[in-house]
Amino acid sequence: MPDILDNLTEAQLEAVTHMEGPMLVVAGAGSGKTRVVTRRIAHLISRGVWPSQVLAMTFTNKAAREMVERVEALTGERPPWVGTFHSACARLLRRDLEKLEDGRTGQFTIYDDDDQLSVIKLCMKEANLNQHDVAPAAVRGRISRAKCALQDPETLAGDSGWHSNQMVNVYAAYERRLRELNAVDFDDLLLLVVRLLEGNAALRDVYHSRFRFLLVDEYQDTNRLQYLLMRLLTGPAQNVHVTGDPDQSIYSWRGAEYRNIMEFRHDFPAAKVVRLEQNYRSTQLILAVANELISFNTTRIEKELFTENDLGVPARVVKLAGDREEAEWVVERVMELRLEGTSLRDQAVFYRTNAQSRPLEDQLLRAGIPYQLIGGTRFYQRKEVKDVIAHLQLLVNPRDAVALHRVAGCRAAGVGAKSIEAILAQSAADGVAPMDLLADPDFRRRYRGRCSAKLAEFAEWCRALRAIPGSPVGDCVEAVVEHSGLLPLYEEREDRDPSAGDRMDNLRAMVDRACEYQQEHPEATLEALLQEVALVSDVDTHDPESECLSLMTLHACKGLEFPYVFVVGVEEGYLPHLNSRDNPDAVEEERRLLYVGITRSRQAVCLTHAVTRFLWDGVQQRVPSRFLKELPNTQVERLNLAGNARRWSTW
DNA sequence: GGCGACCAATTTTTT
DNA sequence: ATTGGTCGCC
């Protein structure tokens, strides 16, 4: 077993061996932050702290998993409470949500963005609010912001203006609806734990003694709810340890307040502060470029990373004629690097928006280069996979009418929206969950509406669905897919629908994943599986071992590193993004975004931009990003390939 | 009332 | 690529 204190600098050692009391680690990019956090957890355990007494919260499952594995390698112990903010909160709520007495139970469903949006649309329809006047997505944003600020619909009621009053009503209806459905959204996971702890000193004490040591990763990206959570979970001993880098704050659009990290010392005057400014990842030239770029931000704490690594090669800035030429050029360089012996897994391409992956994918497919795309449409967002998940949600939470709608809709069994509405109306009147009503053996007598043969058949089908045991989870998912009849449904369509084959594959893959999960967690409940599925993110699917090129957005690349990095589309409109114009703070965040991208690279980085680009369905003239002008000329190699005649030959 | 077929609209970044 | 809306047909 490697020694916990091996190979650490003085500053790292100070952070690792810290025991009691608050601590802030300001860790620059590539300064060994993850190493410090994992070693500290290992150190605590080696000093007699129980692994279960450590609560560490990260932003992605991948970061959490990595921490657990490293701690296990150091101590042989797997700390059970290392996870994302959202998964930790979901676990706490499974046990304690009922204490809030808001009508929800521990069997709650976690709604993703799409589910959230459909509930909002429903509420808007009821409030006679036209979707063309007010975009549902905008309402969702408003609600999310309100929740992050702990504003109830009641406290917002005084808001002036007809429009916002309508909005408040929709918010209130949305909240009521979620409680009815026994469902929570992503914000609720955090908010409800905050509410629970705020109003219950005894429970707070229980948590404080259970979680003696609290660690928060990526503290610069915490929003107000996460901040409050941290405050509430911090006990009188103030054993709270946060790490972060204000220069890498890229989630303010999601409510992150990077000033949280600057104010930590104010919140905890006793805090020890450790600064990690030596970079172990990148070459001197990469770091010089990154440092220069970020120095253009005005609202920041002065910090200059240094490295003892090799000088390296200059960063490249390349101008290409168009988006296709850009993709072609990048793919050519990737192939060249591979020929020189650089594995594809050591290369990555970053971009600002998911849509920018298209031309790259086209070229990669043509060149036969395997790649993994992080983001875009996720596996669990596929229609057929969501259909299966809806079945499972219904099994756990009989009140989930959104899932019921989906299940009824994907069966084409002669039961449509109107029938489901009638079921919902009666179950609301009778005070019984819709699925309980449907699956009642005595459905025919208890249902007062007109019960067609098809509906009776559907009720019978629901009863059989309910009879499927929830565990072991792999067997359950297999049985549910079998019972759903989705596979034969797609089989029938295979000749007409070219995607039917893929969909069948995805259904089988869903079963496989559940079986894998069962192997890893033999005791897991269906609730646990659904929670896992609801809270996995794109970066979590990144496999650093796989022999292929990685493609992802600049947001998704945080926390990763690659020897060779390409950033494409470094143009006005993308970086900074169009939506951040006229907003100096937003432009600074865009600059941080590029900074994060550049600092992912170990050996070489290349930024490309195109003169023209196909957008919507016309050709657009593009202007190089203002950030490119900020890079130091002496350390950057600028190439103009926009006039290259090759673009005509490779049609 | 239900369903299949077709057309349009939406995507900045995401737990 | 999914979804929501509309239309014609059962």
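Since the structure is predicted, the reported quantities are computational estimates derived from the model, not experimental observations. Proteins come first, then strands; the chains are lettered A, B, ... in the order of their sequence lines, and each starts at number 1. What's counted below: heavy atoms across the whole structure, side chains too, no hydrogens, waters or symmetry copies.
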request  = Test the A/Arg179-A/Phe108 pair against the cation-pi criterion, namely NZ or CZ under 6.0 angstrom from the six-membered ring centroid and within 45° of the ring axis.
outcome  = no

note = So CG of A/Leu394 and OG1 of A/Thr109: to nearest 0.5 Å the spacing works out to 8.5 Å

note = Checking B/dT12, B/dT15, C/dT2 against the side chain of A/Lys383 (C-beta onward), the nearest is C/dT2

query = So which of A/Tyr351, A/Trp253, A/Phe350 actually passes ring-ring contact (aromatic ring centres under 6.0 Å, His included) with A/His555?
reply = A/Trp253

query = Cationic tip of A/Arg626 within the cone over A/Phe296's six-membered ring, i.e. under 6.0 Å and within 45° of the normal?
reply = no

request  = Report the nucleotide, chosen from C/dG4, B/dT11, C/dT2, that has the shortest atom-to-atom distance to any side-chain atom of A/Arg503.
outcome  = C/dT2

task = Between A/Gly416 and A/Asn61, just flag the one whose closest nucleotide in DNA chain B comes earlier from the 5' side.
result = A/Gly416

query = Taking atom P of B/dT12 as reference, at what distance in whole Å does atom CG of A/Asn583 sit?
reply = 16 Å

message = Strictly below 4.0 Å: does A/Thr553 bring a side-chain N or O up to OP1 or OP2 of B/dT12?
response = no

request  = Just jot down the side-chain hydrogen bond (donor to acceptor under 3.5 Å, both in side chains) partners of A/Glu175, sequence neighbours excluded, or say none.
outcome  = A/Lys147

inquiry  = Reading DNA chain B from 5' onward, which residue's closest nucleotide shows up sooner: A/Glu590 or A/Ser419?
reply    = A/Ser419

inquiry  = Whole angstroms only, please: what is the CD1-C1' distance between A/Ile250 and B/dT15?
reply    = 13 Å

ask   = Is A/His577 stacked on the base of B/dT12, with ring centres under 5.5 Å apart and planes under 30° apart?
value = yes

inquiry  = Just the rounded figure in Å: distance from C1' of C/dT2 to CZ of A/Arg406.
reply    = 9 Å

message = With rounding to the closest Å, how many angstrom separate the P atoms on B/dT11 and C/dG5?
response = 15 Å

inquiry  = Under 4.0 Å, counting only non-hydrogen atoms across every strand here, what does A/Phe59 touch: a base, just sugar-phosphate, or nothing?
reply    = sugar-phosphate

task = Assign the ring pair A/Tyr574 / A/His577 to parallel, tilted or perpendicular, where the plane angle (0 to 90°) is split at 30° and 60°.
result = tilted

key: A/Arg513 to A/Tyr380, cation-pi by 6.0 Å centre distance and 45° axis angle   = yes

inquiry  = Among B/dT15, B/dT14, B/dG2, which nucleotide has an atom closest to any side-chain atom of A/Lys418?
reply    = B/dG2

query = To the nearest angstrom, how far is A/Lys386 atom NZ from C/dA1 atom C1'?
reply = 14 Å

task = Establish, yes or no, whether the cationic atom of A/Lys558 lies under 6.0 Å from the six-membered ring centre of A/Tyr251 and within 45° of the ring axis.
result = no

Sort me out a list of protein N/O and nucleotides 5-10 of chain C N/O pairs below 3.5 Å, or just none if empty.
none

note = Atom CG of A/Asp113 and atom C1' of B/dT13 are separated, to the nearest Å, by 12 Å

query = Over how many whole Å does the gap from A/Asp221 atom CG to B/dT13 atom C1' extend?
reply = 12 Å

For atom CG of A/Asp187 and atom P of B/dT14, their distance in whole Å = 16 Å

task = Output the single nucleotide from B/dT14, B/dT12, C/dT2 whose closest atom is nearest the side chain of A/Tyr251.
result = B/dT14

ask   = Looking for any heavy atom pair under 4.0 Å, which part of the strands does A/Arg450 touch: base, sugar-phosphate only, or nothing?
value = nothing

task = Compare side-chain N and O positions of A/Asn354 against OP1 and OP2 of B/dT13 and report whether any pair is under 4.0 Å apart.
result = yes

ask   = Quick one: is A/Lys121 getting a side-chain N or O under 4.0 Å of the C/dG4 phosphate, OP1 or OP2?
value = yes

query = Which whole-number value in Å describes the distance from A/Leu455 CG to B/dC3 P?
reply = 12 Å

